[in-house]
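The structure appears right after this line, and notes come after that.
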Amino acid sequence: MDGTAILFILAVAGVASISLFTLKGLLDQVPDVIDSAGNVRDAWDRFRNKGNGELGPGEEPPLVDDQEPPTAA
């Protein structure tokens with residue numbers, strides 16, 4: 001009977017340890033997922049507003065190149 005109780009306690013501790021390790025791994029990824037979601041949202045907004053000529057926050061207008069391209073010799 002004593003051996004069964006010890007094995008049960010060790011099994012519960014092992015399951016709790018694995019559960020905490022897994023939970024920590026998932027929670028460590030949350031900031032990166034939130035950053036990626038923000039990047040996707042910004043890219044989607046740029047894609048949808050591409051034809052409007054409006055610039056989003058932090059965007060710069062495209063550079064205008066007045067020079068002709070170089071000619072082949």
Side-chain angles (χ1 to χ4, degrees):
M1 187 85 167
D2 289 333
T4 305
I6 291 173
L7 287 177
F8 179 73
I9 291 170
L10 288 174
V12 169
V15 169
S17 173
I18 291 171
S19 298
L20 289 174
F21 184 75
T22 303
L23 182 64
K24 182 189 177 302
L26 290 173
L27 290 177
D28 284 345
Q29 295 180 9
V30 169
D32 293 333
V33 170
I34 292 172
D35 290 341
S36 295
N39 291 340
V40 167
R41 185 188 64 236
D42 294 342
W44 180 252
D45 289 340
R46 281 195 309 269
F47 174 74
R48 291 195 56 187
N49 294 330
K50 190 172 185 179
N52 297 344
E54 298 176 7
L55 294 178
E59 292 186 10
E60 297 179 4
L63 298 176
V64 178
D65 189 12
D66 293 338
Q67 299 177 357
E68 294 183 13
T71 57

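Both backbone and side-chain heavy atoms feed into the values below; hydrogens, waters and symmetry mates do not.
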Exercise for the section: Consider only side-chain heavy atoms of I, L, V, M, F, W and Y, link residues closer than 4.5 Å, and tell whether L26 and F21 are in one cluster. Expected result: no
Completion exercise
Distance col, row I34:CD1 vs N39:CG, nearest 0.5 angstrom, shows 12.5 Å
Handout entry: Spacing of K24 atom NZ and D28 atom CG [to the nearest 0.5 Å]
Key = 4.0 Å
Problem - S36 side chain vs D32 backbone, donor-acceptor pair below 3.5 Å - result: yes
Problem - Spatial distance of atom OG1 (T4) from atom CD1 (I9) [nearest 0.5 Å] - result: 11.0 Å
